[in-house]
2 protein chains.
Amino acid sequence: MRTSLNASDPREDPLRLDRQLCFQFYAASNLIGRLYAPVLARLNLTYPQYLVMLVLWEEDGQSVGAIGKRLHLDTGTLTPLLKRMETLGHLVRQRDREDERRVRVSLTASGKALREEALHVPEIMTRGQDLEELDALRRTLASVVEALKGGKAQA
Amino acid sequence: MRTSLNASDPREDPLRLDRQLCFQFYAASNLIGRLYAPVLARLNLTYPQYLVMLVLWEEDGQSVGAIGKRLHLDTGTLTPLLKRMETLGHLVRQRDREDERRVRVSLTASGKALREEALHVPEIMTRGQDLEELDALRRTLASVVEALKGGKAQA
DNA sequence: GACAATTAAATTGCACGCAATATAAATGCA
DNA sequence: TGCATTTATATTGCGTGCAATTTAATTGTC
């Protein structure tokens, strides 16, 4: 008695939405962004802007390119995003004197101060979750992302 | 000799980018979209449009709301997206006679025919990967998405 | 049957993402 | 030095995502 399914079984259909790993990433990413939005709105940040702040809080004064490399974003996304953040007063953009091609992005005093408020964010977003489990998942996904960077499909 | 880390250790910083599970989802989702783009371009589809096709290939003639529920997208995203797909000739949008509030989305002949070409896509994207492993990850992420739908942070 | 409440889409406005192209500065090399 | 190549950022154009609002049809209630 075989337990495998024949070709006409819809569960075998390779195009079923539920079978696509890519869709789980897509759905999760969108849903996560929606959950962060109201929390970050209190800091006057969108989710991608929050990521930029995380990068700058680690090391201030990085170039646009360095930030983009970290977040896997190009200048087409970052330049206007950073300009909006500059208008909001979180940071300043200035040409590097050493190499005029570069633009260094530096936090303002209020941008630095915002870090204190942001310290609550991870706690709020993971409240009630099993932290060990989340960390295991994070490590798994980190290796997936690493493979994706190399151009491997993986989804 | 203690192995735990003190508060000043940067690895303990809750705001480190590398520690954010949310970022792994964000990065993976963006990178996946970028990998699919050239493959789907041959079918004249963007990645979100491909997802709509997956939904319609499963069941044709669904309402905008039903498609949105499946993909976790609202009409603000779907209406213009579906209009573009209609222009491209993949589908048609028509008011439901039974309930004039609804718009039914139906595949055209070419939209249905496109399914044959799309059959290669999952294979192309997962080539060289351990399918068992990908499926295990898919199931894990499906449960994460399920929790996120309920509003639980989880990231 | 009137009419408030609900439901389904569309619209508006704004912020991403990203490919392709443009611009300008630095580098390399004959 | 002169000039092609490379590197860093900006710009353009298009397609999402999503909150908030609007419009129109249906349902529920008296």
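Keep in mind that what you see is a predicted model, and the values were worked out from it rather than measured. Here is how names work: the chains are called A, B, and so on, in the same order as the sequence lines, proteins then strands, and each is numbered from 1.
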Contact boundaries of DNA chain C with chain B (under 4.0 Å, heavy atoms), 5' to 3'?
->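 First and last nucleotides in contact are C:dT7 to C:dA19.
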
Hey, mind stepping through A:Leu91 and A:Leu56 against side chain to side chain contact (heavy atoms under 4.5 Å, CB included) and telling me if it holds?
-> CA-CA 9 Å; A:Leu91 50 81; A:Leu56 292 176; 3.8 Å; yes

With sequence neighbours left out, which residue pairs that include part of residues 139-148 of chain B fulfil the salt bridge (charged side-chain N to carboxylate O under 4.0 Å, His left out) condition?
-> B:Asp135-B:Arg139, B:Glu146-B:Lys149

Rounded distance (nearest 0.5 Å) linking atom CD1 of B:Ile67 with atom CG of B:Leu82 =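 That separation rounds to 5.5 Å.
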
Roughly how far, to the nearest 0.5 Å, is NE2 of A:His90 from OG of A:Ser106?
-> 15.0 Å

Flag side-chain contact, heavy atom, 4.5 Å: A:Arg102 against A:Val64 | no

With sequence neighbours excluded, what pairs up with A:Arg70 under the salt bridge (Lys or Arg N to Asp or Glu O under 4.0 Å) test?
-> A:Glu58, B:Asp18

Are A:Met125 and A:Leu119 co-members of a hydrophobic cluster defined by side-chain heavy atoms under 4.5 Å apart?
->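 A:Leu119 clusters together with A:Met125.
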
Joint cluster assignment, A:Leu54 & A:Ile124, ILVMFWY side-chain distance < 4.5 Å =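 They do share one cluster, since a chain of ILVMFWY contacts under 4.5 Å joins A:Leu54 to A:Ile124.
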
Evaluate side chain to side chain contact (heavy atoms under 4.5 Å, CB included) for A:Gln62 paired with A:Val105, printing each intermediate quantity in order.
-> CA-CA 6 Å; A:Gln62 296 189 62; A:Val105 181; 6.0 Å; no

Please tabulate, for side-chain N and O atoms in residues 26-34 of chain B, each donor-acceptor pair with protein atoms closer than 3.5 Å (sequence neighbours left out).
residue: B:Arg34; atom: NH2; partner: A:His72; partner atom: O; Å: 2.8

How close or far is atom P of D:dA10 from atom CD of A:Glu86, stated in whole angstroms?
->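 A:Glu86 atom CD is separated from D:dA10 atom P by 10 Å.
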
A:Lys69 near the nucleic acid: base, sugar-phosphate alone, or nothing, with a heavy-atom cut-off under 4.0 Å?
-> nothing

Would you jot down, in residue-number order, the residues of residues 94-104 of chain B having a non-hydrogen atom under 4.0 Å from DNA chain D?
-> B:Glu98, B:Asp99, B:Glu100, B:Arg101

Taking only nitrogen or oxygen atoms into account, show me every contact under 3.5 Å that the protein makes with nucleotides 13-19 of chain D, one pair per line with its distance.
residue: D:dT16; atom: OP1; partner: B:Thr46; partner atom: OG1; Å: 2.5
residue: D:dT16; atom: OP2; partner: B:Gln49; partner atom: NE2; Å: 2.5
residue: D:dT16; atom: OP2; partner: B:Arg84; partner atom: NE; Å: 3.1
residue: D:dT16; atom: O5'; partner: B:Arg84; partner atom: NH2; Å: 2.8
residue: D:dG17; atom: OP2; partner: A:Tyr26; partner atom: OH; Å: 2.5
residue: D:dC18; atom: OP1; partner: A:Asn30; partner atom: O; Å: 3.2
residue: D:dC18; atom: OP1; partner: A:Arg34; partner atom: NE; Å: 2.9
residue: D:dC18; atom: OP1; partner: A:Arg34; partner atom: NH2; Å: 3.1
residue: D:dC18; atom: OP2; partner: A:Arg34; partner atom: NH2; Å: 2.8
residue: D:dC18; atom: N4; partner: B:Gly76; partner atom: O; Å: 3.1

